Trainee: 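The structure follows.
Worth saying up front: this structure is predicted, and the values here are computed from it rather than measured. In what follows, chains carry the letters A, B, and so on, assigned in the order in which the sequence lines appear, proteins first and then strands, with residues in each chain numbered from 1.
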2 protein chains.
Amino acid sequence: MARPREFDEQQALAAAMQVFWEKGYEASSISDLTSRMGIQRPSLYAAFGGKKELFEAVLGSYAGMSLAFIERRIRSAASVREAMRVYFQGIIEGAGGSNPDLGCLCVNTMVELAPHDVIFAQFTRDYQLKLTELLQGTIEDGIRTGELSSALNPAAVARALIISAIGLSVTMKARPDRSLVENAVTEILTLLE
Amino acid sequence: MARPREFDEQQALAAAMQVFWEKGYEASSISDLTSRMGIQRPSLYAAFGGKKELFEAVLGSYAGMSLAFIERRIRSAASVREAMRVYFQGIIEGAGGSNPDLGCLCVNTMVELAPHDVIFAQFTRDYQLKLTELLQGTIEDGIRTGELSSALNPAAVARALIISAIGLSVTMKARPDRSLVENAVTEILTLLE
DNA sequence: CTCTTTCTGTACCAATCGGTATGTAATGAT
DNA sequence: ATCATTACATACCGATTGGTACAGAAAGAG
C-alpha cells in the first residue's frame, strides 16, 4: 500500500525487552529504547503507541516466551522431581542464558508497576497463575505415575513452589552466596514429599 | 552554634520513607520528597546529601525498624509454629498496618536497585541474612524445647522460609486471591515438619 | 549589640523527560 | 509516470528532572 517498515518489529521488541529488563520501566528512557532498538523516536510511537504500550507489548511477548521456555524444560525432564529441580536451577543460573541478576521481567513488574496500575497487577497475577497451573499439572502427573505421594495437595504445593520461585528470583538479584541458595532450594523441594 | 534546624530529621526521614515505599526510588522526585517531608529543597540536600544518600538513610532506618518489629512479633508468639504463622500472616496483611501491596521496602530495593548498585546489593543481602538468622534461632529454640523435630536443618529451613516470605511479599503486590495465598502459606509452613 | 554561622525560601541552572510537528524519501496502486 | 500513503529523520515542544546560587532571617557566642 505504501512505504514498508525498514525495521523488524519483533527484533525491535526484543531489543526493547532487553532495555526494560535491565533497567526497569521508569529508568528506561525513550532515548535508551530507540538507540537499542535501532529506530528513530517517531517510529517507536508509530509502531507501538508510546512507552507504556511498548512495555505492555514487551511484557506480553516475554510472558509467552518465558512460559513456553519453562514448559519445555519441565516436560523434557526425566521425572517430576528432576523437573522441579531443573526449574529452580534455571532461576539460580539465569534462565535463557541471560545475566542471572536481571531476574524475571514479570516479577520485576509485579514489584515496580503492579501496585500502581491494575493492568499490570492483572497481567502479572495471570502469569503467576499460569505458572502455578503448569506446576500443578506436573505434580498431578507425578502422583498418577506413583512418583509422588497421593497425599499431596497439588494445587497448594504448586502455589507454594511458585511463591518460593519468585522469592528466589528476587534473592538472586542481590548476588547471594551460591551454596546458601542451593541448600534452600533443596529444602523447598522437600514440599514434594 | 548557629541557627538550629526547624524540622525534625527523624520525622522527615519517616516521610521520605513513605514516598520511596509507595513509588520506588526512580519514580520518587525531589519535589515529591520535599513536599511530603514538609521541607525546602536545599534543606534536603543540606541535611541528607542528595537523593541517593537520603534513600540510603531511609533504607537503613527501615531495615532497623522492620527487623525490630518482626523480632518482637516472633518472640511474643506462644510457639515456634505460631510465630512463623504470624510472620507470614503479617506479610499477607501488610506489616506495620500499612497498605499491603507496598510490600517490603528492602525487597523492593532488591528488585529495583540491587542489580545496578553494589551498595544496595550488599545492604539487602545483609538484611535477608539477618532475617534468616532470626528465623534460624527461633527454629533452634523449637528443636531445643521439643516442639520441632531434631531432624530439621535449621539453617536450610530458615533460608527456605525467608525466600518464600520474599516471594509472598512480591506476590501480594499483584493483589492475589486471599484464599490462594493462605493455602500456600500453610503448605510452606510444612517445612517445619 | 554585633558578628558569625547556619538555616530557610526563592529563583534558577543545564539536562533530560515523554511526546510531536514537519518536511522529505520511499513505496505500491493506478 | 503520477499520486496517495506511509515511514524516516531532524528538530522541536513544554514540563520536569536532580541539583545550586544567593539573599534574607534566625539564633548562639562574644
Trainee: Grab the CG-P distance between A:Leu33 and C:dG18 for me, whole Å please.
Mentor: 8 Å

Trainee: Taking only residues two or more places apart in sequence, or in another chain, which ones meet B:Glu6 in a salt bridge (Lys or Arg N to Asp or Glu O under 4.0 Å)?
Mentor: B:Arg3

Trainee: Does any donor atom in the side chain of B:Asp32 or B:Ser29 lie under 3.5 Å from an acceptor atom in the other side chain?
Mentor: yes

Trainee: Do the two ring centres, one from B:Tyr62 and one from B:Phe20, sit under 6.0 Å apart?
Mentor: no

Trainee: Would you kindly give the CD-to-C1' distance between B:Glu6 and C:dT6, to the nearest whole Å?
Mentor: 11 Å

Trainee: For B:Gln40 and C:dC7, give me the distance from atom CD to atom C1', rounded to whole Å.
Mentor: 11 Å

Trainee: Measure across B:Arg73 and B:Gly90 and return the closest heavy-atom pair with its distance rounded to 0.1 Å.
Mentor: NH2-CA, 4.0 Å

Trainee: Between B:Arg5 (CZ) and D:dG28 (P), how many Å, whole number?
Mentor: 15 Å

Trainee: Can you check each nucleotide of nucleotides 11-24 of chain D against protein heavy atoms at under 4.0 Å and return B for base, S for sugar-phosphate only, - for none, in 5' to 3' order?
Mentor: ------SBBBB--B

Trainee: For the pair A:Tyr25 and A:Phe120, name the ring-plane relationship: parallel under 30°, tilted 30 to 60°, perpendicular over 60°.
Mentor: tilted

Trainee: Between B:Ser43 and C:dT8, does any side-chain N or O lie under 4.0 Å from OP1 or OP2?
Mentor: yes

Trainee: Measure CD1/B:Ile39 against C1'/C:dT10 and give the value in whole Å, please.
Mentor: 16 Å

Trainee: So, using side chain to side chain contact (heavy atoms under 4.5 Å, CB included) as the criterion, who are the partners of A:Val118 when residues are at least two apart?
Mentor: none

